[in-house]
Undergrad: 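Provided herewith is a single structure, encoded as structure tokens, for subsequent inquiry.
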Amino acid sequence: MKYIKWAFWLLALACVALAGYNLNSCRQYLAKKPVDMELGFENDIGQTPAVLQSIERLGQWEFLSIDDEVMVDTTDSHLLSPDDHLVRIYHGTLRLGIDFSLCDRGWATANGDTVSLQLPPIQLLDRNFIDEARTRSFYEYGTWDAQAKEDLYRRARTMMIQRAMTTQNIKQAEENARHQVEALFRSLGYKKVRITIERSSLRP
Amino acid sequence: MKRFIYFIIVIGLLWIGYLYVSRQGLVSGFIGGEPEAVGNSGGEGTAAAAGNAKDGSGADNLLLISRIARQSRLYTAEYRIHKIVTHEDLLKLKGQIFGIDFEHRFNIGDRRIAIPIEVTLKAYVDFSTFSARNVEQRGSFIHITLPDPKIALTASKVDHQGIRQFTSLWRSAYTDEEMSEFTRQGVESVLAEVPDMRLLHTARDCAAQTLIPLLTSLGYQEDHIIITFREGVGTESIEGLEKIKEIRHEVH
């Protein structure tokens with residue numbers, strides 16, 4: 001009878017130890033999140049190839065760059081409902097410089113240690129300079145079609161050109177052009193460098 | 001009948017009040033306020049210009065800030081790259097049950113969009129560090145060592161007319177902000193692929209093709225002109241990628 005009592009207590013102790021072990025392992029299991037689910041939408045784009053459409057040889061020398069941002073907005077008024085608004089912030093870099101493809105034949109003539117250069121006018125090197133990847137949609141209310149966005153793009157481009165193609169900026173680009181071109185030809189061994197830059201049609 | 005007329009008048013006044021409040025909302029309030037200065041960093045010359053302008057359509061424009069910097073870059077090649085950025089906005093359930101991964105897509109309430117974009121890259125040689133040390137003359141021979149060519153992103157354009165989106169009945173259309181985010185991701189992926197396109201090899205050829213006519217017009221014979229590039233030219237440098245990373249960093 002005495003042994004049965006001892007066996008009972010041993011069994012009870014074993015049961016308690018087993019329960020404790022199980023509780024600990026259950027806690028560890030729960031800490032590992034056995035069931036972890038997430039419901040949602042993906043924000044990443046699909047994998048599509050980038051196609052190189054064209055390669056063009058250039059001869060453009062940039063002397064001044066203007067990083068610009070403009071905010072453009074448009075409104076569509078309605079009589080019986082709130083107006084639609086679209087506000088976008090465009091970013092672009094306008095590059096002023098000389099396009100060597102516009103040089104006349106014999107634009108550079110060397111005579112001994114003297115070189116004479118007849119350079120075309122300072123101009124905007126790219127017509128498309130807006131980086132739409134950096135465009136931010138600041139506010140949108142209502143539905144907007146592609147034409148509205150194209151119009152905003154064109155307006156932003158016009159505004160940036162108006163702001164960048166100032167007399168001061170063109171003059172600054174010309175000064176830098178003289179400095180850089182002279183440095184290049186002096187590096188080539190010429191002692192005297194005579195530079196004539198055609199007057200930009202945008203300068204008054 | 002009288003009560004009904006009063007009711008109509010009250011509803012009408014409430015509606016007019018709602019329209020008035022909505023037109024005095026966030027957008028017009030912001031445009032009337034102080035302009036925000038964006039991206040101002042100390043370049044060689046910094047010009048801040050801000051003001052209000054109105055065009056014929058009656059829309060307001062806020063001019064932000066511009067940064068002016070002197071450069072000396074000879075652009076030698078232009079690359080146009082086309083990509084169709086796609087996005088599938090499917091409801092997705094993913095997770096883990098007892099250590100087993102699972103993923104399930106529900107074809108209910110999905111929406112899809114395809115955005116054609118064109119990215120313009122230009123290869124250039126930076127002449128700001130060019131000096132007499134880069135030129136070696138021996139008799140009628142001239143040897144010019146040019147700095148490493150680099151590639152810059154000069155423009156990216158979305159073909160808005162070409163965008164196609166398909167939306168199920170109980171989903172809203174893609175917002176302008178979402179489309180801008182996909183465009184940004186698309187341009188970033190294009191720039192990530194640039195090193196595989198081996199653009200700098202053509203950039204070097206184009207740089208030589210630009211300089212050789214200049215030197216021949218100065219009296220050098222074409223076969224006496226040697227143009228080489230500094231070592232390490234194979235490591236492609238993309239200016240735009242760094243910019244995009246900066247933007248993403250700012251966004252997050």
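In this text, all values refer to a predicted model and were calculated from it rather than measured experimentally. Below, chain A is the first sequence line, B the second, and so on; all start at residue 1.
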Undergrad: Which region of B:Q161, side chain (C-beta onward) or backbone (N, CA, C, O), has a non-hydrogen atom less than 4.5 Å from a non-hydrogen atom of chain A, or is it both or neither?
TA: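 Its backbone and side chain both get close to chain A.
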Undergrad: Give the minimum heavy-atom separation between A:S187 and B:A132, together with the two atoms involved.
TA: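 Looking at all heavy atoms of both residues, the closest pair is OG-N, 3.6 Å.
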Undergrad: Examine whether an atom of B:L211 lies under 4.5 Å from a heavy atom of chain A, and if so say whether it belongs to the side chain, the backbone or both; otherwise answer neither.
TA: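 Contact with chain A involves no heavy atom of B:L211 at all.
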Undergrad: Using non-hydrogen atoms only, which part of B:Y174 is less than 4.5 Å away from chain A: side chain, backbone, both, or neither?
TA: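 For B:Y174, no heavy atom lies under 4.5 Å from chain A.
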Undergrad: Let's test your reading of the structure: which of B:H104, B:K94, B:E177, B:E88 forms the most heavy-atom pairs below 4.5 Å with chain A?
TA: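 Ranked by contacts with chain A, first place is B:K94.
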Undergrad: Is there a donor-acceptor pair closer than 3.5 Å between any side-chain N or O of A:S137 and the backbone N or O of B:E178?
TA: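 Answer holds: no.
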Undergrad: Under a 3.5 Å threshold, yes or no: a donor from one side chain and an acceptor from the other, between A:S65 and B:Q71?
TA: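 Yes, B:Q71 and A:S65 have a side-chain donor paired with an acceptor closer than 3.5 Å.
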Undergrad: Under 4.5 Å heavy-atom distance to chain A, tell me which part of B:T175 shows up: side chain, backbone, both or neither.
TA: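 Both backbone and side chain.
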Undergrad: If I measure from the heavy atoms of chain B, does A:R88 come under 4.5 Å with its side chain, its backbone, both, or neither?
TA: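 Only the side chain of A:R88 comes within 4.5 Å of chain B.
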Undergrad: Could you look at A:E56 and say if it's the side chain, the backbone, both or neither that has a heavy atom under 4.5 Å from chain B?
TA: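 Contact with chain B involves both backbone and side-chain atoms of A:E56.
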Undergrad: Give, as side chain, backbone, both or neither, the part of B:I84 having an atom under 4.5 angstrom from any heavy atom of chain A.
TA: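 Backbone only.
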Undergrad: Identify which part of B:I117 has an atom lying under 4.5 Å from any heavy atom of chain A, answering side chain, backbone, both or neither.
TA: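 Neither part; nothing is under 4.5 Å.
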Undergrad: What part of A:L86 gets closer than 4.5 Å to chain B, counting heavy atoms only: side chain, backbone, both or neither?
TA: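 The answer is the side chain of A:L86.
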Undergrad: State, to 0.1 Å, how close B:R184 and A:T135 come at their nearest heavy-atom pair, and which atoms those are.
TA: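 Closest heavy-atom pair between B:R184 and A:T135: NH1-O, 4.1 Å.
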Undergrad: Does any heavy atom of chain B fall under 4.5 Å from the side chain of A:A108, the backbone, both, or neither of them?
TA: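 A:A108 touches chain B through backbone and side-chain heavy atoms alike.
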Undergrad: Go through B:I68 and A:N169 one step at a time and tell me if the side-chain contact (heavy atoms from CB on, under 4.5 Å) criterion holds.
TA: CA-CA 9 Å; B:I68 299 169; A:N169 286 347; 3.5 Å; yes
Undergrad: If I measure from the heavy atoms of chain B, does A:I130 come under 4.5 Å with its side chain, its backbone, both, or neither?
TA: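 Only the backbone of A:I130 comes within 4.5 Å of chain B.
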Undergrad: Of the non-hydrogen atoms in B:Y220 and A:L188, which two are nearest, and what is the gap between them?
TA: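 Reported closest heavy-atom pair: OH-O, 4.3 Å.
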Undergrad: To the nearest 0.5 angstrom, please state how far the CZ atom of A:R136 sits from the CG atom of B:D176.
TA: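 One finds 13.0 Å between CZ of A:R136 and CG of B:D176.
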Undergrad: Would you check, one step at a time, whether the test side-chain contact (heavy atoms from CB on, under 4.5 Å) holds for B:K83 with A:T48?
TA: CA-CA 7 Å; B:K83 183 182 176 80; A:T48 51; 3.4 Å; yes
Undergrad: Do the side chains of B:K157 and A:E150 get close enough for a salt bridge, i.e. N-O under 4.0 angstrom?
TA: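 Salt bridge: yes.
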Undergrad: Do you know which of B:T183, B:V135, B:V158, B:V125 has the most heavy-atom pairs under 4.5 Å to chain A?
TA: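 Counting heavy-atom pairs under 4.5 Å, the top option is B:V158.
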Undergrad: May I ask you to test the A:S54-B:Y79 pair for a side-chain heavy-atom distance under 4.5 Å?
TA: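 Of all side-chain heavy-atom pairs linking B:Y79 with A:S54, none is under 4.5 Å.
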Undergrad: Let me know if B:E118 has heavy atoms under 4.5 Å from chain A in its side chain, its backbone, both or neither.
TA: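 When you check distances to chain A, only side chain atoms of B:E118 fall under 4.5 Å.
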Undergrad: Between B:R70 and A:E175, does any side-chain N to carboxylate O distance fall below 4.0 Å?
TA: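 Yes, B:R70 and A:E175 are salt-bridged.
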Undergrad: Ignoring hydrogens, what is the shortest heavy-atom contact between A:A50 and B:V190? Give both atom names and the distance.
TA: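 Nearest pair, atom of A:A50 first, then B:V190: CB-CG2, 4.1 Å.
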Undergrad: Report the distance from atom CD1 of A:I55 to atom CE of B:M197, rounding to the nearest 0.5 Å.
TA: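 Atom-to-atom, A:I55:CD1 and B:M197:CE are 10.0 Å apart.
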Undergrad: Using atom types as modelled and distance alone, determine if a side-chain donor or acceptor of B:S156 lies under 3.5 Å from a backbone N or O of A:A133.
TA: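 Yes; at least one donor-acceptor contact below 3.5 Å.
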Undergrad: Contact between A:F100 and B:L214 at the side-chain level, heavy atoms closer than 4.5 Å - yes or no?
TA: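 In short, these two side chains do not touch, never coming nearer than 4.5 Å.
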Undergrad: Heavy atoms, side chains only, cut-off 4.5 Å: are B:L199 and A:L52 in contact?
TA: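 Heavy-atom side-chain distance check passes, below 4.5 Å.
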Undergrad: Tell me, do B:L74 and A:Q60 make a side-chain contact under 4.5 Å, heavy atoms counted?
TA: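 No; the side chains remain at least 4.5 Å from each other.
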Undergrad: Can you measure from CD1 (B:I115) to CD1 (A:I45) and round to the nearest 0.5 angstrom?
TA: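 Nearest 0.5 Å value for the CD1-CD1 distance: 8.5 Å.
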Undergrad: Which answer fits A:D44, side chain, backbone, both or neither, if we ask what part of it has an atom under 4.5 Å from a heavy atom of chain B?
TA: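 Both parts, heavy atoms under 4.5 Å.
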Undergrad: Looking just at side-chain N and O atoms, do B:Y75 and A:E62 make a donor-acceptor pair shorter than 3.5 Å?
TA: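 Short answer, yes.
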Undergrad: Could you look at B:L215 and say if it's the side chain, the backbone, both or neither that has a heavy atom under 4.5 Å from chain A?
TA: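 For B:L215, the contact with chain A is made by the side chain alone.
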Undergrad: Please confirm whether B:F127 and A:W61 have ring centers closer than 6.0 angstrom.
TA: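 They qualify: ring centres under 6.0 Å apart.
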Undergrad: Please report the C-alpha distance between A:D68 and B:R67 in whole Å, then the side-chain angles of each, then the deciding distance to 0.1 Å, and finally whether the salt bridge (charged side-chain N to carboxylate O under 4.0 Å, His left out) criterion is met.
TA: CA-CA 7 Å; A:D68 204 1; B:R67 193 184 66 181; over 6 Å; no
Undergrad: Where do B:S72 and A:Q180 come nearest, in terms of heavy atoms and distance?
TA: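 Answer, listing the atom of B:S72 first, then A:Q180: OG-OE1, 3.1 Å.
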Undergrad: Identify which part of B:E193 has an atom lying under 4.5 Å from any heavy atom of chain A, answering side chain, backbone, both or neither.
TA: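 Looking at B:E193, just its side chain touches chain A.
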Undergrad: To the nearest 0.5 Å, how far apart are CZ in A:R186 and OG in B:S131?
TA: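 A:R186 CZ to B:S131 OG: 14.0 Å, rounded to 0.5 Å.
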Undergrad: Against chain B, label A:V115 side chain, backbone, both or neither, depending on which of its atoms sit under 4.5 Å from a heavy atom there.
TA: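 The side chain, not the backbone.
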Undergrad: side-chain contact (heavy atoms from CB on, under 4.5 Å) between B:M179 and A:K149: does it pass, once the steps are laid out?
TA: CA-CA 12 Å; B:M179 285 191 253; A:K149 288 176 184 171; 3.4 Å; yes
Undergrad: Could you tell me whether B:K122 and A:D126 have a side-chain N and a carboxylate O separated by less than 4.0 Å?
TA: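 Here B:K122 pairs with A:D126 in a salt bridge, since their nearest N and O are under 4.0 Å apart.
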Undergrad: Under 4.5 Å from any heavy atom of chain B, what part of A:W144 do you find: side chain, backbone, both or neither?
TA: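 Neither the backbone nor the side chain of A:W144 comes within 4.5 Å of chain B.
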Undergrad: Test side-chain contact (heavy atoms from CB on, under 4.5 Å) on A:F129 and B:T154; report intermediate values, then the result.
TA: CA-CA 6 Å; A:F129 49 80; B:T154 57; over 6 Å; no
